Amino acid sequence: MGPWGLPLLVATLAGCVFPARGCVICDPKVREALNSLEADYLPGHLEANHQKKVMEKIKQAVEDFKDLPIDEDSYMGVVDEATLEKASWSLLKDMKRITDSDAKGELFVKEMLWMLHLAKNTFASYAAQFQKEAFCPNKCGLEEQF
């Protein structure tokens, strides 16, 4: 690897991985689904006096996807675009499943919050899988070049 090899490698990696801190909440489709949930679904499925508080809990649960524990053996704070898309698609699919079930009231709230808990765990496993399989420089053979 020539004198420009390492900076080029770093620049290439920087272009294909993202800090996971942005994670699924930054996906426009996820934001659109949350807005639709608030504007279109909740009014017919939850009492008006509970809608704002429930929506705050849902948004906070999605925001909490950012707060994954950093562990050098499983997750180091970065993911690639494909991993983010996979996690977003999984979350959107599960949200649609719940809204298609026409759940109402307390049942809706419990199902949605439990699903978000599980989705966060799923995202953590996707991020860890990316970390172990695609991002770890020790598995790329780079150490042999230096």
Side-chain angles (χ1 to χ4, degrees), residues 1 4-142:
M1 183 179 290
W4 296 103
L6 183 59
L8 184 59
L9 176 63
V10 171
T12 301
L13 283 175
C16 67
V17 297
F18 304 98
R21 297 267 174 235
C23 93
V24 296
I25 193 69
C26 294
D27 186 324
K29 293 175 190 163
V30 171
R31 285 195 309 262
E32 183 180 312
L34 291 172
N35 290 337
S36 176
L37 182 70
E38 184 173 22
D40 303 325
Y41 187 82
L42 288 186
H45 295 83
L46 196 62
E47 293 180 25
N49 57 333
H50 296 297
Q51 291 175 23
K52 183 177 179 182
K53 186 155 183 84
V54 167
M55 202 59 215
E56 286 172 0
K57 284 183 180 183
I58 291 170
K59 286 180 180 178
Q60 184 59 52
V62 176
E63 285 280 339
D64 287 347
F65 278 49
K66 299 187 286 192
D67 300 325
L68 297 176
I70 304 280
D71 180 347
E72 69 181 53
D73 293 327
S74 60
Y75 173 68
M76 294 297 292
V78 295
V79 295
D80 62 339
E81 187 173 356
T83 302
L84 283 175
E85 287 178 12
K86 184 176 172 182
S88 295
W89 179 84
S90 179
L91 174 64
L92 292 168
K93 179 183 61 110
D94 289 340
M95 284 179 68
K96 181 162 176 35
R97 181 187 51 79
I98 290 173
T99 56
D100 285 352
S101 76
D102 206 30
K104 294 182 180 183
E106 188 177 338
L107 176 62
F108 162 76
V109 175
K110 286 181 179 181
E111 283 191 25
M112 183 62 74
L113 293 178
W114 180 247
M115 179 277 297
L116 290 169
H117 169 77
L118 295 176
K120 180 180 177 183
N121 291 341
T122 299
F123 174 67
S125 70
Y126 291 161
Q129 180 180 2
F130 165 75
Q131 179 69 35
K132 287 179 181 178
E133 295 176 4
F135 188 65
C136 181
N138 293 330
K139 295 182 182 179
C140 300
L142 293 177

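As the structure is a prediction and not an experimental result, all values here were calculated from the model. FYI, the numbering just counts along the sequence from 1.
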Once side-chain hydrogen bond (donor to acceptor under 3.5 Å, both in side chains) is applied, do any residues pair with Asp40, and if so which ones, sequence neighbours excluded?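 If we apply the side-chain hydrogen bond (donor to acceptor under 3.5 Å, both in side chains) test to Asp40, skipping adjacent residues, the hits are Ser36.
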Restricting to side-chain hydrogen bond (donor to acceptor under 3.5 Å, both in side chains), what partner residues turn up for Gln60, sequence neighbours left out?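 Testing Gln60 for side-chain hydrogen bond (donor to acceptor under 3.5 Å, both in side chains), a comparison that skips the adjacent residues, returns Asp64.
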For [X] and [Y], which heavy atoms make the closest approach, and how far apart are they?
X	Y	result
Ala103	Tyr41	O-OH, 2.6 Å
Glu63	Ile25	OE2-CG1, 3.7 Å
Arg31	Cys26	NH1-O, 2.8 Å

I'd like to check Tyr126 versus Ser90 (side-chain heavy atoms, cut-off strictly below 4.5 Å). Are they in contact?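 Sidechains of Ser90 and Tyr126: in contact.
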Determine whether Phe108 and Leu42 make a side-chain contact, defined as any pair of heavy atoms from C-beta on separated by less than 4.5 Å.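 Of all side-chain heavy-atom pairs linking Leu42 with Phe108, at least one is under 4.5 Å.
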CG/Leu37 to CD1/Ile58 distance, rounded to the nearest 0.5 angstrom?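 Reported value, rounded in 0.5 Å steps: 5.0 Å.
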At what distance, to the nearest 0.5 angstrom, does CG of Leu46 lie from CD of Gln51?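 The distance works out to 5.5 Å.
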Those residues that, when tested against [X], pass side chain to side chain contact (heavy atoms under 4.5 Å, CB included) (two or more places apart):
X	value
Val30	Asp27, Leu34, Val62, Ser88, Leu91, Leu92
Ala61	Leu116
Glu47	Asn49, His50

Salt bridge (Lys or Arg N to Asp or Glu O under 4.0 Å): which pairs involve residues 48-57, sequence neighbours left out?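 Those involving residues 48-57 do not exist here.
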With salt bridge (Lys or Arg N to Asp or Glu O under 4.0 Å) as the rule and sequence neighbours excluded, what pairs involving residues 82-92 come up?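 Non-adjacent pairs meeting salt bridge (Lys or Arg N to Asp or Glu O under 4.0 Å): zero.
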Strictly by side-chain hydrogen bond (donor to acceptor under 3.5 Å, both in side chains), give each pair with a member in residues 91-106 just once, sequence neighbours left out.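 Found His45-Asp102, Lys96-Asp100, Glu106-Lys110.
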Please identify each residue that fulfils ring-ring contact (aromatic ring centres under 6.0 Å, His included) with Trp114, with sequence neighbours left out.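 Partners of Trp114 under the ring-ring contact (aromatic ring centres under 6.0 Å, His included) test: His117.
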Looking at residues at least two apart in the chain, or sitting in another chain, which of them share a salt bridge (charged side-chain N to carboxylate O under 4.0 Å, His left out) with Glu38?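 Only Lys59 meet the salt bridge (charged side-chain N to carboxylate O under 4.0 Å, His left out) criterion with Glu38.
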